[in-house]
Number of protein chains: 2
Amino acid sequence: MEKKDIVGIKDVAKRANVGLATVDRVIHGRSGVSKKTREKVLKVIEELNYKPNMMASNLSKKKTFVLGVLLPNVSKESSYWGLPVKGVERAGKELQHYPVRIEKFLYDQASVKEMRKQILKVINSKIDGLVLTSKFAEETEILLQDCNEKNLPYIFIDSNERDEKAVCTIQQSLYESGQLAGQLFNYCFQEGNILVLFFKNIMDSEAGINKKIQGLNDFLKENDSLVKTRKYVISNFSQEQVDKELNKIFAGNENIKGVFIPNSRVGYMARYLHNNAMDRKVYLIGYDYLTENNEYLQKGAIDFLISQRPEEQGYKAIIKLFEHIVLKKNIEPEIFIPLDIITSKNYKYYLNYED
Amino acid sequence: MEKKDIVGIKDVAKRANVGLATVDRVIHGRSGVSKKTREKVLKVIEELNYKPNMMASNLSKKKTFVLGVLLPNVSKESSYWGLPVKGVERAGKELQHYPVRIEKFLYDQASVKEMRKQILKVINSKIDGLVLTSKFAEETEILLQDCNEKNLPYIFIDSNERDEKAVCTIQQSLYESGQLAGQLFNYCFQEGNILVLFFKNIMDSEAGINKKIQGLNDFLKENDSLVKTRKYVISNFSQEQVDKELNKIFAGNENIKGVFIPNSRVGYMARYLHNNAMDRKVYLIGYDYLTENNEYLQKGAIDFLISQRPEEQGYKAIIKLFEHIVLKKNIEPEIFIPLDIITSKNYKYYLNYED
DNA sequence: CTGAAAGCGCTTACAG
DNA sequence: CTGAAAGCGCTTACAG
């Protein structure tokens with residue numbers, strides 16, 4: 001009964017008085033059709049409101065699409081990047097019935113050399129689309145130029161700026177996440193100091209971090225808070241070294257009521273707070289529910305984590321790339337990831353939550 | 001190249017020395033196959049690790065599955081139920097390339113009569129699966145019994161208890177959401193009283209609400225808080241009547257520092273707080289980012305909303321029912337929705353966020 | 001520039 | 001109880 005309602009390529013062909021192959025050529029914008037025929041077919045498609053059936057299309061298609069993934073690996077300092085990769089894998093599993101395959105190019109965040117090697121591998125591979133993160137600006141330029149020349153679609157995750165040529169940018173509002181941190185601190189205390197601690201890796205860009213800090217400062221200003229912030233950068237990643245620096249900082253600053261870690265390396269601070277008895281409650285806010293952070297969230301050393309949903313970012317990037325390439329769907333150019341607030345009382349539902 | 005790796009029904013048929021139709025019968029457990037043949041085919045399927053191709057299956061299938069949805073409608077008191085229905089529609093749109101159709105049976109929460117009418121309609125319809133909410137326990141019994149007799153799969157959303165026979169139960173931990181509210185209050189103030197206000201409709205069950213309140217009380221107790229709670233039930237839904245009752249309550253209770261609304265009807269309280277100047281900050285926590293709640297969240301009358309992700313619950317219910325019926329996937333029996341904490345600084349990313 | 005035909009993997013009458 | 005054949009809507013060589 002509903003059969004008659006659904007118009008297929010056959011109906012279009014009949015009405016336009018052409019063969020199936022010609023309709024197919026027009027639909028996919030392939031060459032080898034006279035202008036006149038193309039227009040006729042296009043008109044009929046319009047009239048009949050023809051919509052291609054992707055199930056049939058994929059079934060008959062021989063090609064299996066390859067989606068490339070260029071991302072950092074899990075590192076000793078942070079398990080963060082394991083999560084987007086997990087999301088990528090989950091998406092891959094979900095798409096197993098489709099003609100797609102995922103090819104991963106992972107690199108150690110600490111090694112620029114290895115990263116360059118992976119970039120070259122991507123350039124020389126025959127992928128149909130790419131997922132990457134924009135964290136390492138300079139080195140990516142050449143890759144992006146290559147993508148644009150080859151007309152290769154790509155999607156950013158964990159991005160902090162828009163790229164007009166990307167299919168889509170998956171990001172979180174950094175400024176507003178800073179504002180949110182400010183609001184949460186403001187519920188906890190109304191005077192004193194907030195220590196802002198940036199654990200900086202070689203490849204970390206400071207621009208994004210500063211947007212978060214700006215958000216925090218602006219919130220305090222807008223709300224006439226008496227609380228002041230003070231920023232420090234720490235680039236030595238051994239806990240002993242961190243402890244030493246923190247001892248100095250805390251010795252000099254009598255009234256630290258809160259600590260804001262603008263990335264996911266909250267663990268260093270949490271360990272410090274947990275191991276060094278303070279004479280007052282120090283509120284700690286940072287990012288992401290990584291394994292190492294969860295422990296201290298439960299122990300009460302971390303009060304709030306703002307989640308960047310890393311797993312979901314990886315998952316979504318693949319799904320969107322797939323929809324763009326295989327299903328030819330329209331993709332919204334910017335996807336903003338919600339700013340989840342995680343505490344010891346709700347973290348468990350974010351851990352293995354998969355949409 | 002990969003073609004050879006993928007085993008299809010044809011490979012199974014050849015190896016088992018039977019026809020395609022027979023393999024098909026075995027795969028779907030249909031009758032008309034001798035025990036011996038069935039076993040032989042099953043063995044080959046095992047050996048070859050055959051996995052059916054759902055794209056092909058759906059393409060050749062004539063039947064279009066009908067997914068029934070029995071849910072409350074938006075009402076004057078609350079726009080809550082508009083959101084699950086929106087989620088249902090979003091899922092429907094996403095599944096438009098599949099042989100599924102959604103049939104909605106919506107009822108007014110205020111009218112038991114109308115609800116019964118819709119239940120009867122469901123019973124007499126020829127649907128292939130059902131999404132419903134368990135809010136109205138007694139009246140549903142007969143419907144569920146009918147489903148079980150007909151072997152009709154169903155999924156609950158917004159549920160507060162497990163049903164062994166349901167394909168899946170989508171829910172939020174009520175107890176822990178109460179705990180979370182307690183934790184948030186505890187960051188804001190450490191002494192005084194919390195007013196717990198239950199705006200109760202005819203069809204609302206009090207059991208779920210009490211679990212939330214229990215969670216709140218337990219949190220305070222476990223943390224040796226000096227804060228006490230006091231519960232009131234309000235069943236008259238006009239703002240004037242509510243205001244009158246609140247005037248009485250606030251006149252009698254000198255030290256109310258916080259108000260907890262254990263459902264999404266936070267608007268009444270927010271309007272009261274917004275229109276009646278208080279001599280101190282009164283922290284307000286409730287549920288869900290409905291249009292009417294957002295306004296007061298932004299105005300600062302509501303501090304925290306715990307989201308039950310109503311849109312996502314509707315969406316997910318349809319997707320899971322679809323996966324169960326059409327793709328024959330295994331569905332996890334319990335899906336716990338995360339306890340999102342929403343403030344004026346992050347609400348906007350939850351508004352139109354669709355996974 | 002164009003179309004008839006075979007095929008993607010599965011399902012569904014139909015005939016035995 | 002069993003199997004050959006047609007068909008789901010689209011794509012892809014191939015021949016003209």
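All chains are named by letter (A, B, ...) in the order of the sequence lines, taking the proteins before the strands, and each is independently numbered beginning at 1.
Residue A/Gly32 is in base contact, counting any heavy-atom pair closer than 4.0 Å across all strands shown. Residue A/Val23 is out of contact with every strand shown, counting any heavy-atom pair closer than 4.0 Å. B/Thr37 comes within contact range of the sugar-phosphate backbone alone, with a heavy-atom separation under 4.0 Å but no base atom that close.
Nearer to the 5' terminus of DNA chain D, by closest-nucleotide assignment, is the contact made by A/Lys10 (compared with the other of A/Lys10 and A/Ser57). Take the nearest nucleotide of DNA chain D for B/Arg25 and for A/Leu20: the residue whose nucleotide is more 5' is B/Arg25.
One atom, NE2 of A/His28, and another, P of D/dC10, lie 9 Å apart when rounded to the nearest Å. Separating the CD1 atom of A/Ile27 from the C1' atom of D/dT12 is a distance of 14 Å, rounded to the nearest angstrom. One can place CG of B/Leu59 at 14 Å from P of C/dC8, the figure rounded to the nearest angstrom. Rounded to whole Å, the distance from CG on B/Asp11 to P on C/dC8 is 10 Å. In this entry the distance linking CG of A/Asn53 with P of C/dG9 reads 17 Å, nearest Å. Taking atom CZ of A/Arg30 as the reference point, atom P of D/dA13 lies 10 Å away to the nearest angstrom. What separates NZ of A/Lys51 from P of D/dC8 is a distance of 21 Å, to the nearest Å. Atom CE of B/Met55 and atom C1' of C/dG7 are 17 Å apart (whole Å).
Under 4.0 Å is where a charged nitrogen must lie from a carboxylate oxygen, and between A/Glu47 and A/Lys43 at least one such pair does. Salt bridge A/Lys86/A/Glu89: absent, no basic N to carboxylate O contact under 4.0 Å. Taking a cutoff of 4.0 Å between a charged side-chain nitrogen and a carboxylate oxygen, A/Asp11 and A/Arg15 do not qualify as a salt bridge. The pair A/Arg101-A/Glu103 counts as a salt bridge, with a side-chain nitrogen and a carboxylate oxygen less than 4.0 angstrom apart.
Annotation: side chain of A/Pro72 is in contact with side chain of A/Thr133 (closest heavy-atom distance under 4.5 Å).
Note on A/Ser34: every side-chain N or O is 4.0 Å or more away from OP1 and OP2 of C/dC1. Contact annotation: A/Ser31 side-chain N/O to C/dC1 OP1/OP2 distance is not under 4.0 Å.
Taking the six-membered ring for Trp and the full ring otherwise, the centers of A/Tyr107 and A/Phe105 sit at least 6.0 Å from each other.
Across every non-hydrogen atom of B/Ile9 and B/Tyr50, the tightest pair is N-CE1, 3.5 Å.
In terms of modelled atom types and a separation under 3.5 Å, the side chain of A/Gln313 and the main chain of A/Gln308 share a donor-acceptor contact.
With C/dT12, C/dC10, C/dT2 as the candidates, the nucleotide lying closest to the side chain of B/Lys61 is C/dT12. Checking D/dT2, D/dC10, C/dT12 against the side-chain heavy atoms of A/Tyr50 singles out D/dC10 as nearest.
In secondary-structure terms, DNA chain D builds stems of at least 3 consecutive Watson-Crick or G-U pairs, each pair having both distances under 3.5 Å, at C:1-3 with D:14-16, C:5-12 with D:5-12, C:14-16 with D:1-3.
For A/Ser60 against D/dC10, a side-chain-to-base donor-acceptor contact under 3.5 Å is present.
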